[in-house]
Amino acid sequence: MAQEDVFKKIVAHCKEYGFVFPSSDIYDGLAAVYDYGQNGVELKNNIKQYWWQSMVLLHDNIVGIDSAIFMHPTIWKASGHVDAFNDPLIDNRDSKKRYRADVLIEDEIAKYDEKIDKEVAKAAKRFKENFDEAKYRATSPRVIELQEKRDALHARYSAAMNAMDLNELRQIILDEEIVCPISGTRNWTEVRQFNLMFSTEMGSTADGAMKVYLRPETAQGIFVNYLNVQKTGRMKVPFGIAQIGKAFRNEIVARQFIFRMREFEQMEMQFFVRPGTEMEWFSKWKETRMKWHQVLGFGADHYRFHDHEKLAHYANAATDVEFLMPFGFKEVEGIHSRTNFDLSQHEKYSGKSIKYFDPETNESYTPYVIETSIGVDRMFLSVMCAAYTEEQLENGETRVVLKLPAALAPVKLAVLPLVKKDGLPEKAREIVNDLKFHFNTIYDEKDSIGKRYRRQDAVGTPYCVTVDHDTLNDNCVTLRNRDTMQQERVAISDLNGIIADRVSITSLLKKLQ
Ligand code: ATP
């Protein structure tokens, strides 16, 4: 099946099974805004819990905060967002569609990469086991030609982005003959800067309203609270502050479902370190974060780092953790070495000293910061994409199953009476009432047992138990495993012991140690 079709199926599945709905659905939706349904909210909360606990529980030098979305507007001046949080946009006059100029060019660069990979794959097929890929890449005239064109385009693009030369970005689009995917024409407008922050007014106009912004990242709430937390928590550098919260960006091109939203959620951790030690911490956090992802068990081949060549003005190292989505490797998390830029800026703009006195070195300094920043919604999407599976069964039917890590699954156990009579529903309810205190357990009596299993497979429930007539005598149930579909007979009194450990967030956290 084409990857595009797989993605469409995942989006449809998210809606059909109560994971994600378009916002304001009965009014035909609101672009790039989504709501989480009854199953989505559970999965999302589990992801957040896994992240929060891995930060705050497992590190005695990391604490959390929850700062407000509204902040003093000068914060966004100090952070550079008022002047520099811009994307270069371009419109196609025929389709009236708006694009990010940088994304159009990056897609063009990716096309060269794809062409090169295709040439290599063709040659690998031709030469079979005698194929030497490195040699082929270095000697094939076609590959060399494509590589040179790609590198030249990349160099020109990087220079234009670094200088934010809008005319040059437009010229690249014209020279590369990039067409609008909708109209197919090259009738482009000028490239303009577009600020991504939403703004609103605080206070009544009579009092003189103040323009405030909806935060475009949660990080600044951490920076401006850094000294409050350091002092009241008596934290010693190195230490970290973690936060989960909403962020808002007026994205120009909202595409790919919950990958790029206008209202989304971030999980950010700022780690404050002694100047000069930041590179060491940067590589430590790269390793720690990659492990956090890989413990979910989707396979190491689903992840890669993408180191940034173009660094933000404040950063001295940056990398993305990319995940293999159906539409290619995409950023899920950013890890940045932000120097002391943010804290120094807030010191300058607020006029208050926020220096740290280091009792070990007897020096005062502005700490350097390593940031790990991950989007909850993108993480959610990556988990959904990796978990969505269509299996061909022996009887010719297709089974749709979400192979979610058990600890993230919205429902852990479904208790199903075989029939709706003979005291089986009562017995099943007894089991639910006992186990619901330990993990998310539901009761379902509607439809045939086969249909009920399928329904649980589709939302990723790792375990189902069936209560049958024998249960009333032997106090045993049939426990069915989602992935293997194998069934075993177990005592009701053993259920908690068998299931609780495997479905708890703790089971993931232990693998991180
Ligand atoms: P992109 O290049 O995709 O726009 P970014 O580099 O601007 O992302 P950061 O500012 O580093 O992203 O934000 C950190 C994380 O927040 C990202 O890795 C991503 O997971 C998430 N994120 C950023 N923008 C959005 C968005 N519009 N919708 C959903 N998640 C987002």
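Not measured: the values here are computed from a predicted model. Order of listing sets the numbers, starting from 1, for every ligand and every atom in it. Because only heavy atoms are used, hydrogens play no part in the values below, and waters and symmetry mates are left out as well, while side chains stay in.
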Original post:
Out of curiosity, is D377 lining ligand 1, as in a heavy atom under 4.0 Å away?
Top reply: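 Checking ligand 1 against D377, which is what was asked, there is no heavy-atom contact under 4.0 Å.
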Would you tell me whether [X] and [Y] have side-chain atoms, one donor and one acceptor, within less than 3.5 Å of each other?
{"X": "D358", "Y": "Y365", "answer": "yes"}
{"X": "Q270", "Y": "E371", "answer": "yes"}
{"X": "E217", "Y": "S373", "answer": "no"}

Original post:
Taking the side chain from R262 and the backbone from A31, do they hold a donor-acceptor pair closer than 3.5 Å?
Top reply: yes
**OP:** Using atom types as modelled and distance alone, determine if a side-chain donor or acceptor of R170 lies under 3.5 Å from a backbone N or O of W188.
**Re:**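 Such a contact is found between R170 side chain and W188 backbone.
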Which one of [options] has a non-hydrogen atom at the shortest distance from [atom]?
{"atom": "atom 27 (N) of ligand 1", "options": "R249, E217, M261", "value": "M261"}
{"atom": "atom 3 (O) of ligand 1", "options": "E251, R260, Q256, M267", "value": "R260"}
{"atom": "atom 31 (C) of ligand 1", "options": "F264, F85, F248, Y34", "value": "F264"}

How far is [atom] from its nearest protein heavy atom, and which residue and atom name does that atom have?
{"atom": "atom 19 (C) of ligand 1", "answer": "R378 NH1, 3.5 Å"}
{"atom": "atom 18 (O) of ligand 1", "answer": "E331 OE2, 2.6 Å"}
{"atom": "atom 29 (C) of ligand 1", "answer": "F259 O, 3.3 Å"}
{"atom": "atom 21 (C) of ligand 1", "answer": "G375 CA, 3.6 Å"}
{"atom": "atom 13 (O) of ligand 1", "answer": "Q266 NE2, 3.4 Å"}
{"atom": "atom 14 (C) of ligand 1", "answer": "S373 OG, 3.0 Å"}
{"atom": "atom 20 (O) of ligand 1", "answer": "V332 O, 2.7 Å"}

**OP:** List every atom of ligand 1 that sits less than 4.0 Å from any heavy atom of H336, numbering the atoms from 1 in the order shown and giving each element.
**Re:**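 By the 4.0 Å cutoff, the relevant atoms are 11 (O).
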**OP:** Mark up the atoms of ligand 1 that fall under 4.0 Å of a heavy atom belonging to E333, in ascending order.
**Re:**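 Every atom of ligand 1 under 4.0 Å from some heavy atom of E333: 18 (O).
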Original post:
Out of Y368, F272, F271, which residue meets the ring-ring contact (aromatic ring centres under 6.0 Å, His included) rule with W281?
Top reply: F271
**OP:** Taking the six-membered ring of Y349 (Phe, Tyr or Trp), confirm whether the NZ or CZ of K77 is under 6.0 Å from its centre and within 45° of its axis.
**Re:** no
Original post:
Is the Lys NZ or Arg CZ of K412 less than 6.0 Å from the centre of F439's six-membered ring, within 45° of the axis?
Top reply: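 No cation-pi geometry.
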Subject >> Heavy-atom side-chain contact between Q49 and N46 under 4.5 Å >> reply: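 A side-chain contact under 4.5 Å exists here.
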